[in-house]
Number of protein chains: 2
Amino acid sequence: MNKSVNSTQLKKIIREIGVKVTRQRLIILENILTGDEHVTAQAVYESIRHIAPDIGFATVYRFLRTLCDHKVLTEVRMRGLPARYEWAQKKHHDHLSCVRCKCIYEFENEQIEALQIEIAKKFGFKLTEHILELYGVCSKCQIEQNIPKEVSTPLQTSHVAQL
Amino acid sequence: MNKSVNSTQLKKIIREIGVKVTRQRLIILENILTGDEHVTAQAVYESIRHIAPDIGFATVYRFLRTLCDHKVLTEVRMRGLPARYEWAQKKHHDHLSCVRCKCIYEFENEQIEALQIEIAKKFGFKLTEHILELYGVCSKCQIEQNIPKEVSTPLQTSHVAQL
DNA sequence: ATCAAAAGTGAAAGTCATTATCATTTGCAA
DNA sequence: TTGCAAATGATAATGACTTTCACTTTTGAT
Ligand SMILES: [Mn+2]
Ligand SMILES: [Mn+2]
Ligand SMILES: [Zn+2]
Ligand SMILES: [Zn+2]
């Protein structure tokens, strides 16, 4: 949540993807590295406003996209909601989300991964990617059936569970 | 692909979901029942134009949505592409799609289904839904590495494979 | 068959997330 | 320092829906 990063590291990341180092990119990247997980472009844009109100959201979108193209970030799109981004260095995992409070949990399941590969093989596919999303009602929401009606804050994540 | 349906059957379906029977609904529903699988609202709209050019696409969207709400159809959303619809009476299955020619195959895997339930249970979730999509290059596209550059026709489906 | 209330319709406008345009500014290799 | 490709940001455009609303149509009750 608040890892510290120095601008040298940030510059290194930006240079390695072969684009110019700009003030806005440093700010955006730092925000992503030190901020919440599973953030939306809008959230990054807003979170940056107080320090750099001049950065347009087109720039945020563009750079997030660039970071995805270069596998620095991964785009997570759940249910037609706005795209969320996460650090791509994390180990592969899938997501489980509450349809009510929108919280997100991460999980990893080797058996499922293996079965997917098997299925693709049976169809003669060269598998490149997959999406596995589970939706349901989280344990909290099963009890407090009304209090936190809506969550406007960015989705929080627990650590990845090994199953 | 061209099962025959009489309007009595169509009317029955519409009445059972508790809405009025209209000419446009009969036409839309018949088109879905007798036409391709995994169609988009736009495709239905266009496919209907020559027989009933007066039906607006708002009506198509609205009715498809209604049919989904009443579990007559299932919405299939792949990769943020426009929603596709399929007859809900089909047994549950997931999709495997070629990133190049966009063909869709259906599969079903009980083991994966079971594992998903297990995962949800571990998190204390009441599972309501899941999305599992595999993406890759189909066997044809692995060979003919260029001929059918783009497929504009609606996605075709093979029959569901049991794995 | 008649009729009014309720439901449905279509054209058009509105949303919302994202992408494109383009005039201006900036990074940086030479 | 400079030239110029790359980047930026304001704004318009896009695409897939969704909503609005004035005008039908359906349907249950007479
Ligand atoms: Mn994640
Ligand atoms: Mn299907
Ligand atoms: Zn919840
Ligand atoms: Zn293919």
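Convention: sequence-line order gives letters A, B, ...; per-chain numbering from 1.
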Reckon B:R25 has a side-chain N or O less than 4.0 Å from the OP1 or OP2 of C:dT9? yes

Between atom OH in A:Y61 and atom C1' in C:dT18, what is the gap in whole Å? 6 Å

Using heavy atoms to find the nearest nucleotide of DNA chain D for B:A41 and A:K20 separately, return the residue whose nucleotide is more 5′. A:K20

Across the strands shown, which category fits A:R77 at heavy-atom distances under 4.0 angstrom: base, sugar-phosphate, nothing? sugar-phosphate

Is it true that the side chains of B:H92 and B:E106 contain a donor and an acceptor less than 3.5 Å apart? no

When the distance from NZ of B:K11 to P of D:dT26 is rounded to whole Å, what number comes out? 11 Å

Within-4.5 Å side-chain heavy-atom neighbours: A:I119 and B:D94: no

Ring-ring centroid check A:F125 B:Y135, cutoff 6.0 Å: no

Which comes earlier along DNA chain D counting from the 5' end, the contact point of B:L81 or that of B:R23, where each point is its nearest nucleotide? B:L81

Over how many whole Å does the gap from A:R84 atom CZ to C:dC16 atom C1' extend? 15 Å

What's the CD1-P distance between B:I17 and C:dA7, to the nearest Å? 14 Å

Touch check for B:Q24, heavy atoms < 4.0 angstrom, all strands: base, sugar-phosphate only, or nothing? sugar-phosphate

Specify the residue among B:P53 and A:P82 whose closest nucleotide of DNA chain C lies further upstream toward the 5′ end. B:P53

Hey, is the side chain of B:R62 poking within less than 4.0 Å of OP1 or OP2 on D:dT18, counting only N and O atoms? no

Should B:T59 be listed as having a side-chain N or O under 4.0 Å from OP1 or OP2 of C:dG8? no

Between C1' on D:dG9 and CZ on A:F63, what's the gap in Å once rounded to a whole number? 16 Å

Rounded to whole angstroms, how far apart are CG on B:D54 and P on C:dT9? 11 Å

Sugar-phosphate, base or nothing in reach of A:A83, heavy atoms under 4.0 Å: sugar-phosphate

Atom CD1 of B:I55 and atom P of C:dA11 are separated, to the nearest Å, by 11 Å

Please step through side-chain contact (heavy atoms from CB on, under 4.5 Å) for the pair B:E129 and A:E133, ending with a clear verdict. CA-CA 8 Å; B:E129 196 192 336; A:E133 295 159 8; over 6 Å; no

Look up atom OH in B:Y85 and atom CG in B:L67, then write down how far apart they are to the nearest 0.5 Å. 9.5 Å

Provide, to the nearest angstrom, the distance between the CZ atom belonging to B:R65 and the P atom belonging to C:dT9. 16 Å

